2 protein chains.
Amino acid sequence: MAQAGEGRRNGRVTIREVADDAGVSVAAVSKVLRDAYGVSDALRAKVRASMDRLGYRPLASARGMRGQTYTLGLVLPDLRNPFFADIMTGVNNALERTQYQVMMGISASTAKLETGVVDSMIDRQMDGIILIGSTESRESLNTIAEKKPLVTIGHHDPSAEAFDTVNNNDQQGALLAVRHLVAAGYSKIAMLSLQGEPSSILAEREQGYRHGMVEAGLGGAINIASATQVMRDVQFAAKRLLQGPRRPDAIFCWTDFIALEVISVATELGLRVPEDVGIVGYDNTMFCDFAQNSLTSIDQSGELLGLQAARLVIERINGRTAVEHFVVPPRLVARRSTSR
Amino acid sequence: MAQAGEGRRNGRVTIREVADDAGVSVAAVSKVLRDAYGVSDALRAKVRASMDRLGYRPLASARGMRGQTYTLGLVLPDLRNPFFADIMTGVNNALERTQYQVMMGISASTAKLETGVVDSMIDRQMDGIILIGSTESRESLNTIAEKKPLVTIGHHDPSAEAFDTVNNNDQQGALLAVRHLVAAGYSKIAMLSLQGEPSSILAEREQGYRHGMVEAGLGGAINIASATQVMRDVQFAAKRLLQGPRRPDAIFCWTDFIALEVISVATELGLRVPEDVGIVGYDNTMFCDFAQNSLTSIDQSGELLGLQAARLVIERINGRTAVEHFVVPPRLVARRSTSR
DNA sequence: CTGAAAGCGCTTACAG
DNA sequence: CTGAAAGCGCTTACAG
């Protein structure tokens with residue numbers, strides 16, 4: 001329909017139409033668009049007026065062909081953990097006054113997307129990538145970082161050079177959990193970790209856990225079980241722990257969601273929380289507050305992590321090459337699940 | 001660096017390099033890429049081999065300039081409701097054997113993104129849009145549909161022409177909840193609905209609730225409260241209900257998450273669930289299964305909804321113009337929260 | 001069945 | 001400070 005000539009397509013206004021309307025060149029409009037230097041206030045005002053009048057919106061694909069798309073890719077391991085919502089809030093806050101828009105992808109969904117989601121974000125010319133809870137190797141991350149500015153959240157690699165990392169101090173978080181449990185009178189403290197891809201944050205937490213146990217003179221009671229994120233698996237692991245010969249009197253779980261399942265299993269087994277078994281989670285997600293859970297948890301300031309990650313990736317886009325590793329101290333939020 | 005000439009950019013292999021490697025034209029490679037008609041098996045095989053050898057990946061931006069980006073935009077209201085994870089699973093299943101990739105955005109985060117996330121997806125040349133839990137008006141949705149194939153999930157508009165809808169039968173879902181509660185011996189049944197933008201799914205559920213109450217001869221006990229999704233707000237509304245003069249003996253909540261908060265409030269008030277108050281949620285998310293919640297809920301088959309939505313949007317991309325409205329029947333999953 | 005050429009809407013040197 | 005022209009990597013008619 002509507003024979004070209006005026007460059008219409010899909011009803012979209014193009015940069016050429018804005019230029020014609022404002023009586024300036026296409027290049028001038030482009031400069032205004034990018035807040036580039038070398039445009040007079042008068043020209044800028046004229047162009048802005050035309051853009052508003054015509055309802056102009058630049059096409060990201062076209063921009064991406066030569067410059068940026070002003071899009072950041074955020075990769076989440078899954079959509080079930082409400083902790084990621086906190087991170088997302090921080091990311092959005094950081095982007096509020098910028099031209100950047102964030103698009104999310106899930107890494108652990110179908111086979112196709114396993115690592116493919118990052119590639120597909122690169123194919124889509126994302127200007128930068130934020131990877132949450134990655135279990136990729138250093139080399140693999142370096143390969144990504146070669147192509148696009150990269151920041152990881154929840155991946156410890158303090159000697160990485162090619163990409164920035166943003167973390168809470170997971171070792172300290174686990175330590176806080178153990179100390180808190182010890183102070184509350186628990187001694188047979190087990191840890192429930194994640195099975196599968198080796199994760200640096202879990203390695204850190206396991207180390208913090210061991211440290212805390214040894215520190216309290218409980219080195220002999222160290223007991224690390226693990227399960228995948230599949231519900232049935234977690235139930236099985238929890239039952240093994242709670243019905244086994246070395247039944248713990250407290251369990252430190254690697255994330256709130258798992259901790260809630262452990263509470264569920266304990267309840268079904270007729271064990272009382274916190275009297276028979278104390279439970280600690282990680283992330284301090286909103287579910288911890290519910291009276292039926294009242295779960296003690298480690299807060300790692302997800303919103304701050306997201307804010308920092310967005311800030312760092314934009315800095316990289318703007319040319320920073322020196323690496324930055326941001327670490328926030330965790331803090332324990334005590335609730336009834338450990339108040340023996 | 002690396003003076004052009006061979007067309008390298010950012011280490012990316014271009015379609016031209018593939019063409020040169022295979023000894024064919026760029027147009028031929030493009031056809032193979034799109035599985036377009038009119039290429040011999042021999043040529044296709046040659047090109048495929050070259051693509052593999054060089055590790056070629058088409059640049060979505062460039063494709064988008066003329067044709068498709070093979071990207072679908074999925075808009076979620078927020079990241080806190082685990083129900084969306086079910087929908088996402090279905091979407092990914094539908095996309096498994098296709099070239100399409102899905103990118104997600106959040107609609108209800110910051111001011112900037114309120115409705116802007118859809119526009120920004122259009123700017124990014126998404127081939128189609130799936131909108132979850134939209135509260136936009138018919139005209140507003142029509143405007144989107146004019147620009148891109150659109151499918152909504154959780155938005156009832158059976159006479160819409162320009163876009164497809166995918167839903168469970170919310171009216172029936174609410175009816176099931178009321179009937180179940182009545183059968184369990186509850187009679188002062190309240191509903192806790194969502195305050196804010198008028199939502200067609202909540203309108204449907206409220207109607208189903210009213211219908212169920214009247215049907216059971218409980219028309220006089222109809223009592224609809226509402227709260228935003230903010231935790232404090234929900235707590236306040238729940239307290240008002242449970243401490244008010246017309247204290248209900250059961251509450252039907254518009255989503256599981258809210259129901260869990262209501263259980264929390266009831267527990268804190270010293271009320272027993274299900275003895276003093278029965279609770280029903282909606283979505284049958286995995287949290288319902290936890291022993292400490294054991295929440296009766298309405299299952300709306302999120303995975304199926306996602307699968308259908310993805311299927312429909314791809315059909316639209318491929319040229320279908322006749323509208324489709326897909327509705328799945330809900331089913332109630334009874335648990336302890338209503339077993340008086 | 002195959003390919004040369006135009007063009008999508010921008011940005012980027014470069015010249016004025 | 002401003003603009004004309006080339007070009008990003010694809011797809012799309014069109015011609016052979």
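Treat the numbers as computed from the prediction; the structure is a model and nothing was measured. Here is how names work: the chains are called A, B, and so on, in the same order as the sequence lines, proteins then strands, and each is numbered from 1.
- Atom C1' of nucleotide dG9(D) and atom CZ of R66(B) are separated by 12 Å, given to the nearest angstrom.
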Residues D123(A), R12(B); criterion salt bridge (charged side-chain N to carboxylate O under 4.0 Å, His left out); working and verdict: CA-CA 10 Å; D123(A) 297 342; R12(B) 270 196 105 85; 2.7 Å; yes

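- Between the NZ atom of K46(B) and the P atom of dG3(C) there is a distance of 7 Å, rounded to whole Å.
- Residue A27(B) is in base contact, counting any heavy-atom pair closer than 4.0 Å across all strands shown.
- In this structure, L76(A) and L79(B) have side chains that are in contact, with non-hydrogen atoms separated by less than 4.5 Å.
- Between the P atom of dG3(D) and the NZ atom of K31(A) lies a distance of 9 Å, rounded to the nearest Å.
- Judged purely by distance below 3.5 Å, without hydrogens or angles, the side chains of E17(A) and Y56(A) never pair a donor atom with an acceptor atom.
- Using a 4.0 Å heavy-atom criterion, one finds that V26(B) contacts the bases of the nucleic acid, with or without backbone contacts as well.
- Computed from coordinates, the Q125(A) CD to dG9(D) P distance equals 9 Å when rounded to whole Å.
- Nucleic acid contact for S30(A): base, since at least one base atom lies under 4.0 Å from a heavy atom of the residue.
- Closest to the side chain of S25(A), out of dG9(C), dA4(D), dG9(D), is dA4(D).
- D127(B) places its CG atom 16 Å from the P atom of dC10(D), with the value rounded to the nearest Å.
- One interatomic measurement links the two molecules: CE of M65(A) to P of dG7(D), which rounds to 13 Å at whole-angstrom precision.
- One interatomic measurement links the two molecules: CG of L33(A) to C1' of dC10(C), which rounds to 9 Å at whole-angstrom precision.
- Along DNA chain C, the nucleotide nearest V29(A) and the nucleotide nearest V24(B) are compared for position; the residue whose nucleotide lies closer to the 5' end is V24(B).
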Please walk me through it: do R48(A) and D35(A) pass salt bridge (charged side-chain N to carboxylate O under 4.0 Å, His left out)? CA-CA 11 Å; R48(A) 284 263 160 74; D35(A) 276 321; 3.4 Å; yes

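- Within 4.0 Å (heavy atoms only), R34(B) reaches at least one base atom of the nucleic acid.
- Note on Y56(A): only backbone sugar-phosphate atoms sit closer than 4.0 angstrom, heavy atoms only; bases stay farther off.
- When both distances must be under 3.5 Å, the Watson-Crick or G-U wobble mate of dC14(C) is dG3(D).
- For S40(A), the side-chain atoms get nearest to dC1(D) when compared with the rest of dC10(D), dG3(C), dC1(D).
- Of the possible polar contacts, one joining the R320(B) side chain to the L312(B) backbone as a donor-acceptor pair under 3.5 Å is found.
- In this structure, L59(A) atom CG and dC10(D) atom P are separated by 16 Å, rounded to whole Å.
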